[in-house]
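To start, the structure itself, in structure tokens.
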Amino acid sequence: MKRAWPIFFAIAVVVVAQEPNIGPQYRVSLDVLSKSASETTGAATADGSEILAGFVDFRTDGTITNSFGVSSDGGQTWQHRVVRAPAGFQDSLEADPMTAYDPRTNTLFAGGISRAKCIYVAQKLPGLNAFGPSRVAVTSAWPDKGWMAAGPRPGMPDTTRLYVTYNEGIIWSDDLGVTWSPPLSLGVGYGFLPRVGPDGVLFLTYWDGFWGIKFTKSMDGGQTWTTPIQPATRMVSWGVENYGIPGNFRNVTNNAMAVNPATGEIVILYVDQTNIVNGQKNLDLYSVRSSDAGETWTNSQRLPFRTLNQVSDMIFPWIEFTKDGRLHLFAMDTAPTPGQADGGSEGFWDQTYYYSDDAGISWSAMNRLTPTSWRSSLHNTGNAKFLGDYQGMAISDKTVYPVYPDTIVGKADAYVNPIFNPIERPTTYSWSVGTPLSGSLASLFLHDGNLARAKTPRINSIVKSVQLEAYYAVSASSISSLEVLAWGGASAANLQQRIEMFNTLTQKWDIVDERPATSAPSKTQFSVAVPSAYLSGGLVKARMSYRTAPRTFAQVWVAQIDQFILLVHL
């Protein structure tokens, strides 16, 4: 079998863009009957007003159920809810929790499997810490490893199709989980993970059980599929056993995949063995990327989160894109406690987080989420060899919530860290003065040469200006500091660049920065004094203008802005 050997040093760890605000660790599984938590998952509404954090819940009475934490305050406090299969389909083993969010209807979903009986799904009732009735999605003699996704059907933006993929294939619902299609086989594979692209195309990745990282897609809502291709080939393959890690538990290598909601770019992550150092196997994360809907792929690349001679491992990765194009990754990691021996009864693990603003080409430095390393031996599931096979995260438009186990209280409970992206893009903008020539809202997102341009009126005037006004929906109720970052310029000489913000206390526009304009777009970045004066009801108003200085007659000239964003710190 031909193998695609990875490129070890094709990408570098660099600090990109603005560091996120990483919140403290909050405990999700607060039920006193919850003995231990594993196999985490999550989903959130676009505005972050409701968050789900799911996990397999080992109960004190010996049963295993699916539990979901519900938060309506950004992850600070949680309500613990057990979501069972419908009456008549319940079992002492209900596992593989799964979640999904449909942005069109603002609906959250939770579900799982009931051993030897069914897959079931329930809606999260909007505005309430409760769920609607569970409904059987499909009956099965042995359902396993279900994942959900929701999105429009291809070419039908005003529709919602809810998908569930599992070991026996795929099913879908067009009425928000009330009724379901018959199952359609996806062939032989493990960990079928669905993702819906921005145009409704359904993407799927899975492991073939040997060396193959597989990919396929459907252009008609899951009814037919392209011939599976193999974007990457593992160098070493293992099954469900404990392999090459400290601690006595199994580590299945499910793939992770994310699709950029703006560009459609696809990233697949998987775990592979890089090398053996002093007799210890090193497991690392590898990625492949596609910018053409999976038609072609980059070579496999090792994510260089540690040096090649460092003895440490990363497993159970999960990735998600937020709406602004930032790629978020977290995984179980031994890097904070390096040098541990493979196997044995104990392993010291942490959860680490990274982000990328270029779809995984370069990455941030490591961010440690767990305050101290947690001990695998304290994961009291009744089976020391099982800590689950994956973990996941919830995402809103601006905030991500990695959901993971930690044994800080002497047993494994589920925890989250709210990670807030400080970059606020304008949600609306308009040329309040001047005649627009080019550009769109996307022109103000990145410094990429995609210019928003406007010109002065053709009739000469003693007061000539061009002014862009932008509104920002800030994902916080209070902020400690506020920066403005802009790239702009104008085509004439002797012009002034001015940035103003609307003061909600005085109800007037304040000049927060003024300087000579440049003929080509140049960078302007500064901190705003008294940032709280400009935030009201989650909204900040700002405007950027160019004007003659002094006020004199001038010919027609053009203003051009390449980026206009806020950097918010909590």
Side-chain angles (χ1 to χ4, degrees), residues 15-21 322-326 355 357 397-399 420-434 439-454 465-490 495-547 549 559-570:
V15 178
V16 287
Q18 294 295 318
E19 290 288 335
N21 294 308
T322 41
K323 188 176 181 180
D324 58 5
R326 175 167 282 185
Y355 68 91
D357 285 330
D397 283 350
K398 299 289 186 179
T399 308
F420 174 70
N421 186 355
I423 300 177
E424 296 288 352
R425 316 293 191 184
T427 55
T428 60
Y429 92 112
S430 62
W431 289 103
S432 55
V433 180
S440 64
L441 191 63
S443 308
L444 308 180
F445 282 9
L446 296 173
H447 174 49
D448 58 2
N450 183 17
L451 299 175
R453 303 169 68 246
S465 63
V466 175
Q467 180 172 276
L468 180 140
E469 191 167 304
Y471 287 14
Y472 301 80
V474 177
S475 306
S477 58
S478 63
I479 52 180
S480 62
S481 65
L482 179 65
E483 292 179 84
V484 176
L485 175 58
W487 285 83
L495 299 178
Q496 286 291 110
Q497 173 186 287
R498 177 182 292 179
I499 296 177
E500 300 168 276
M501 302 188 73
F502 188 74
N503 191 317
T504 61
L505 302 177
T506 65
Q507 294 293 295
K508 296 180 180 179
W509 287 93
D510 291 346
I511 300 174
V512 293
D513 184 79
E514 194 166 33
R515 64 186 68 195
T518 56
S519 58
S522 61
K523 181 180 179 182
T524 298
Q525 185 169 2
F526 60 92
S527 295
V528 176
V530 196
S532 59
Y534 306 106
L535 175 65
S536 177
L539 189 67
V540 173
K541 300 178 183 179
R543 64 192 188 191
M544 187 171 180
S545 61
Y546 293 88
R547 60 195 65 222
Q560 47 195 20
I561 300 175
D562 198 12
Q563 186 181 49
F564 191 26
I565 64 173
L566 302 182
L567 305 177
V568 176
H569 300 277
L570 304 182

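Since the structure is predicted, the reported quantities are computational estimates derived from the model, not experimental observations.
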pair Q507-F502: side-chain heavy atoms closer than 4.5 Å: yes
Contact check, side chains of W509 and K541, non-hydrogen atoms, under 4.5 Å: yes
Minimal non-hydrogen separation, G439 against S443, with atom names: CA-OG, 3.2 Å
Flag side-chain contact, heavy atom, 4.5 Å: W431 against V466: yes
Flag side-chain contact, heavy atom, 4.5 Å: V484 against F564: yes
Side-chain donor or acceptor of T322 paired with backbone N/O of K398 under 3.5 Å: no
Just list the side-chain donor-acceptor pairs under 3.5 Å for residues 520-527, sequence neighbours left out, or say none.
from : atom 1 : to   : atom 2 : distance (Å)
S522 : OG     : T518 : OG1    : 2.8
K523 : NZ     : Q525 : OE1    : 3.2
T524 : OG1    : Q497 : NE2    : 2.9
Q525 : NE2    : E483 : OE1    : 3.3

Audit row: R498, I511, side-chain contact (heavy atoms from CB on, under 4.5 Å) steps and yes/no: CA-CA 7 Å; R498 177 182 292 179; I511 300 174; 3.6 Å; yes
Modelled atom types, side-chain donor and acceptor of S432 and Q467, under 3.5 Å: yes
Heavy-atom side-chain proximity of I565 to E424 below 4.5 angstrom: no
All side-chain contact (heavy atoms from CB on, under 4.5 Å) counterparts of N503, not counting sequence neighbours: L505, T506, D510, A533, Y534
R425 and T427: side chain donor to acceptor below 3.5 Å: no
Check: P20 and N421 side chains under 4.5 Å, non-hydrogen atoms: no
N/O donor-acceptor pair under 3.5 Å between D562 side chain and W487 backbone: no
